[in-house]
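Accompanying notes for the structure given below.
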Amino acid sequence: MASWQRTHTCGSLRETHIGQTVTLNGWVNTFRAYNDQIFLDLRDRYGITQVVVEADQPEIFKLAAEARSEWVLSISGQVRERIIDGKQKHNTKLSTGAIEILASEVRVLNRCPTPPFEVNWVPQENQVFVDAELANEDLRLQYRFLDLRRPTLQRMLMMRHRLNKVIRDNLDVQGFLEMETPLLGRSSPEGARDYLVPSRVSIGSWYALPQSPQLYKQILMVAGYDKYFQIARCLRDEDLRADRQPEFTQLDVEMSFVEQDDIFRVIENLTVDIFKRCLGIDIPLPLPRLKYADVMLKYGSDKPDLRYGLEIVEVTDDFSQPDVAFTAFFEQIQAGGRVRALNAKGALAKLSNKDQKELEDVARRGGAKGLGQAKVRDDQVQAPFWKHLPAAVQESLLKKLDAKPGDLLLFVADKEGTVCQSLGMLRQHLASVLKLYDPNALDYKIAWVCDFPSFIWDDEEKRWAANHHPFTAPMDEDLDKLESDPGSVKAKAYDLIINGYECGGGSIRIHNPDVQSRLFKVLGMSEEQAKSRFGFLLDALKFGAPPHGGIALGLDRWAMMLARTTNIRDVIAFPKNQKARDLMTGAPAPVDAKQKKELGL
RNA sequence: GGGGACGUAGCUCAAUUGGUUAGAGCACCGGCCUGUCACGCCGGAGGUUGCGGGUUCGAGCCCCGUCGUCCUCGCCA
């Protein structure tokens, strides 16, 4: 008796194999049973092959008749063309559809109870498989081993493999070394909440799991490994989102003797390679470089989706005119605020009254107290405040906003940050409801955002905080203003954005211990505090640190982009839910009293 | 920590807005069928409407609480 092990996969057999005796291993995708004949569609990750079992072989026919969805079978038999009475019966939905296996051997490798939800692959005319109807995500996460059999999840995880492979190939060619850094490290107070691990051999002391390999990679630069990368797991104990997991993966890159442009070149080279080899798309270089201040003004976000225009227009000057008799906006301006607007082109016809009402909720979610809406009609503009505006201002606004009949103009007056946030959210919302882009198209708008401010004012703590992180170098020309005017200091920091997602971020680091000390001082950190927290880094910087800098790409988000999903859990084999729980394993879970005692808890 | 949506058969969803015995498709079980291919046809089984309380003659539907899931704001250097 021949081995049960496969000679081919379920996606590999073609007309050229006709006549061969083969063995396939796989899961029962679907079955169609007659009295005297059974069709089994056998599935593995390569595809589906139809198996026919005839009643003239009673032993195997009986076995096949028992088989159900998701049983694991080994089928041996002859490959034959699907042809009946001289007529071809090919199934064009399957790449293996010209042939089938006439079973001479059926072995049940494992049985399976009726699955809690259907995971069978559904063939389509274009020979692509789609999912059966999706069950609730929590149920699917609980039975992740079944969910992972779905064709779309398999495709997305294979895409992720391709992404990792391209990264390793590309960076190797560019001369980078892949190096590992510790998971058990030291807590650093800046930034996100740490996941902590108690030490058994040093009761009362704790490790922290890394939020990123940031400090280690800088030390590697000091050590002379001038081109480093790592596909690194990072952990942050913060609340989750559709695009955020507590543990996530970064492509961590660091280089010595570089400035911003060098980092851009390396990552642009990699980006082109990734999109070419993962999707067959050509990304034109160089990537656009946008200034932080400009994108905040035009798009109300530091990670704008550039697939559509819909730019925000500054109209503070118009509402500041002395003869404007509209006090609500004027009061905001008096208080130092701004008035900005969006033109939702053609929205009057495209949006229902309910849709238009919802815009106000969106603006409120962004922090605005209200939303000024002006409907541009053929003969007039409908808005409560419009009549309070002088004709010249009306004309100026219509011109600046390029207003045409059928347009809906949306105004927000507030503090600058609030105006940006609410109009930024409105812009995103409008693009979606007005269908300004096709979410299913292979349309990628990638850009750098740079010229970030070094510091932002933390209103709660009443101090300056690092916008990026405290090792980010200020622009050379701003070094003088470090103490006198921290708010105006710009950083050598940059983000990489794709379709509205922040997919990477990095900076040139401070390699001069004096500058590093000055920066800690601005952040309100004393010499002693800095020493106790980052002493090893400050030491290292003293021992001949080369100028260096780097970047980290959020690989989960890259995988989302490439796989065209908005759910990060789709590109992670074993993700956690929104409460950071693993519904399959039940983690986190209580531990034994004995375990706790050993750890001094 | 705040806001929102959802929770009805194994799964996906209905239930004329508080009114008879809570329905359908898929899945499951049984029967029929030799060219199906997400086979088809006939039949069957399957429900503490997440849980607890309340209002009412009467609750899947209304109210309160609670648990769970997702989205979102804060947060995420």
Side-chain angles (χ1 to χ4, degrees), chain A residues 29-43 48-56 61 68-70 82-85 87-94 96-97 100 113-124 129-143 146 188-194 211-212 214-215 234-246 248 358 361-362 364-367 421-422 425 428-429 452 454-456 458 460 464-472 491 493 502 505-507 523 552 554 566-567 569 577-579 581 583:
Chain A
N29 190 63
T30 51
F31 59 94
R32 299 169 288 283
Y34 291 84
N35 271 347
D36 302 315
Q37 190 180 37
I38 295 167
F39 295 96
L40 290 169
D41 288 346
L42 204 63
R43 183 195 75 228
I48 289 177
T49 302
Q50 174 166 290
V51 174
V52 191
V53 186
E54 300 279 3
D56 56 10
F61 186 81
R68 290 292 179 272
S69 293
E70 302 308 312
R82 296 196 188 192
I83 191 162
I84 296 296
D85 301 332
K87 269 196 189 155
Q88 284 192 335
K89 295 279 185 178
H90 294 190
N91 184 346
T92 55
K93 294 179 183 174
L94 299 177
T96 60
E100 65 189 4
T114 303
F117 52 86
E118 290 161 61
V119 296
N120 60 296
W121 293 18
V122 180
Q124 302 292 294
F129 297 102
V130 299
D131 298 323
E133 202 162 23
L134 285 188
N136 264 333
E137 201 177 7
D138 51 336
L139 189 71
R140 284 163 26 219
L141 287 173
Q142 190 187 337
Y143 294 92
L146 294 178
S188 65
E190 293 269 329
R193 246 175 246 115
D194 288 318
Q211 297 177 19
S212 80
Q214 180 61 36
L215 299 176
C234 307
L235 299 106
R236 294 176 190 175
D237 185 7
E238 296 292 346
D239 286 0
L240 276 53
R241 285 286 191 289
D243 63 347
R244 257 195 252 158
Q245 282 273 301
F248 58 98
E358 199 188 345
D361 297 335
V362 175
R364 285 228 164 84
R365 248 177 279 150
Q421 194 178 346
S422 55
M425 287 167 73
Q428 225 177 325
H429 177 82
F452 283 88
S454 278
F455 308 100
I456 44 171
D458 185 334
E460 264 176 46
W464 291 101
N467 194 10
H468 189 59
H469 60 58
F471 317 108
T472 301
E502 183 193 325
S507 64
L523 296 175
T566 53
N567 180 350
R569 296 176 294 278
N577 75 3
Q578 211 190 19
K579 289 240 170 85
R581 280 217 283 258
L583 295 177

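The chains referred to below are lettered A, B, ... by the order of the sequence lines, with proteins before strands, and numbering in each begins at 1.
- Rounded to whole Å, the P atom of A24(B) lies 34 Å from the corresponding atom of C64(B).
- The pairing partner recorded for G7(B) is C67(B), the criterion being a Watson-Crick or G-U wobble arrangement whose two distances lie under 3.5 angstrom.
- Side-chain proximity of R82(A) to G10(B), U36(B), A38(B): nearest is U36(B).
- The side chain of R241(A) contributes an N or O atom lying less than 4.0 Å from OP1 or OP2 of C73(B).
- Closest to the side chain of E133(A), out of G25(B), G10(B), G35(B), is G25(B).
- More than 12 heavy atoms of other residues, nucleotides or ligands shown are found within 6.0 angstrom of CD on E70(A).
- A22(B) and G58(B): their C1' atoms are spaced 15 Å apart (whole Å).
- In this structure F129(A) satisfies the ring-ring contact (aromatic ring centres under 6.0 Å, His included) test together with W121(A), sequence neighbours excluded.
- The CG atom of L146(A) sits 13 Å away from the C1' atom of G10(B) (whole-angstrom rounding).
- Distance check on atom P: C73(B) versus U56(B) gives 43 Å, rounded to whole Å.
- Nearest nucleotide to the A135(A) side chain, out of C11(B), U72(B), C75(B): C11(B).
- Anti is the conformation of U49(B), whose glycosidic angle sits further than 90° from 0.
- A search for ring-ring contact (aromatic ring centres under 6.0 Å, His included) contacts involving H429(A) returns nothing, not counting sequence neighbours.
- Whole-Å rounding puts the R364(A) CZ to G2(B) C1' distance at 17 Å.
- For R193(A) and G74(B), the CZ to P distance is 14 Å, given to the nearest whole Å.
- Nucleotides G23(B) and A15(B) have their P atoms positioned 14 Å apart, rounded to a whole Å.
- The side chain of L139(A) lies closest to C11(B), out of C11(B), G35(B), U72(B).
- Separation of the C1' atoms belonging to G7(B) and U12(B) is 14 Å when rounded to the nearest angstrom.
- The side chain of R581(A) contributes an N or O atom lying less than 4.0 Å from OP1 or OP2 of G68(B).
- Distance noted for atom C1' between C61(B) and U17(B): 7 Å (whole Å).
- Between Q211(A) and C76(B) there is no side-chain N or O to OP1 or OP2 distance below 4.0 Å.
- U55(B): no Watson-Crick or G-U partner with both key distances under 3.5 Å is found in any strand.
- With a cut-off of 3.5 Å on both pairing distances, A22(B) has no Watson-Crick or G-U wobble partner at all.
- Candidate nucleotides C11(B), C70(B), G68(B) were compared by shortest atom distance to the side chain of R569(A), and C70(B) ranks first.
- Considering CZ of R581(A) and CD of Q142(A), their distance stands at 12.0 Å, rounded to 0.5 Å.
- Here the separation of U72(B) from C63(B), taken at their C1' atoms, is 26 Å to the nearest Å.
- Checking U34(B), G74(B), A38(B) against every side-chain atom of K93(A), the shortest atom distance belongs to A38(B).
- Put simply, CZ on F117(A) is 18 Å from C1' on C13(B), counting in whole angstrom units.
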Nucleotide N/O to protein N/O under 3.5 Å, stretch nucleotides 6-9 of chain B:
none

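- Remark: Q421(A) is in phosphate contact with G74(B), judged by side-chain N or O atoms under 4.0 Å from OP1 or OP2.
- Across every strand in view, G35(B) sits unpaired, with no contact that passes the Watson-Crick or G-U test at under 3.5 angstrom.
- D41(A) and R32(A) are joined by a salt bridge, as a carboxylate oxygen and a charged side-chain nitrogen come within less than 4.0 angstrom of each other.
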Which protein N or O atoms sit under 3.5 Å from an N or O of nucleotides 28-31 of chain B?
| residue | atom | partner | partner atom | Å |
| --- | --- | --- | --- | --- |
| C29(B) | OP1 | R68(A) | NE | 3.4 |
| C29(B) | OP2 | R68(A) | NE | 3.4 |

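- Heavy-atom nearest nucleotides on RNA chain B were determined for P115(A) and for I83(A), and the one closer to the 5' end corresponds to P115(A).
- Base pairing analysis places G43(B) opposite C29(B); the two distances defining the Watson-Crick or G-U wobble pair are each below 3.5 Å.
- Listed candidates were U72(B), U36(B), A38(B). Nearest to the side chain of V122(A) is A38(B).
- Checking side-chain atoms of Q211(A) against main-chain N and O of A192(A) turns up a donor-acceptor pair under 3.5 Å.
- Across A38(B), G35(B), C26(B), the shortest atom-to-atom separation from the side chain of T30(A) is found for A38(B).
- As the counterpart of C76(B), no nucleotide is assigned, since no Watson-Crick or G-U wobble pattern has both distances under 3.5 Å.
- Atom name C1', nucleotides C11(B) and C67(B): the rounded distance is 22 Å, in whole Å.
- For F471(A), the ring-ring contact (aromatic ring centres under 6.0 Å, His included) partners two or more places apart in sequence, or in a different chain, are H469(A), F534(A).
- Nucleotide A15(B) forms no Watson-Crick or G-U wobble pair with any nucleotide shown, as no partner meets the under 3.5 Å limit on both distances.
- With rounding to whole Å, D138(A) atom CG is found 7 Å from U69(B) atom P.
- Between the CG atom of N120(A) and the C1' atom of C26(B) there is a distance of 10 Å, rounded to whole Å.
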Encode nucleotides 40-47 of chain B as B, S and - characters from 5' to 3', where the letter depends on protein heavy atoms closer than 4.0 Å: B to the base, S only to sugar-phosphate, - to neither. --------
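- For the pair L583(A) and P123(A), both in contact range of RNA chain B, the more 5′-proximal nearest nucleotide belongs to P123(A).
- Taking atom CZ of residue R244(A) and atom C1' of nucleotide C73(B), one finds them 10 Å apart after rounding to whole Å.
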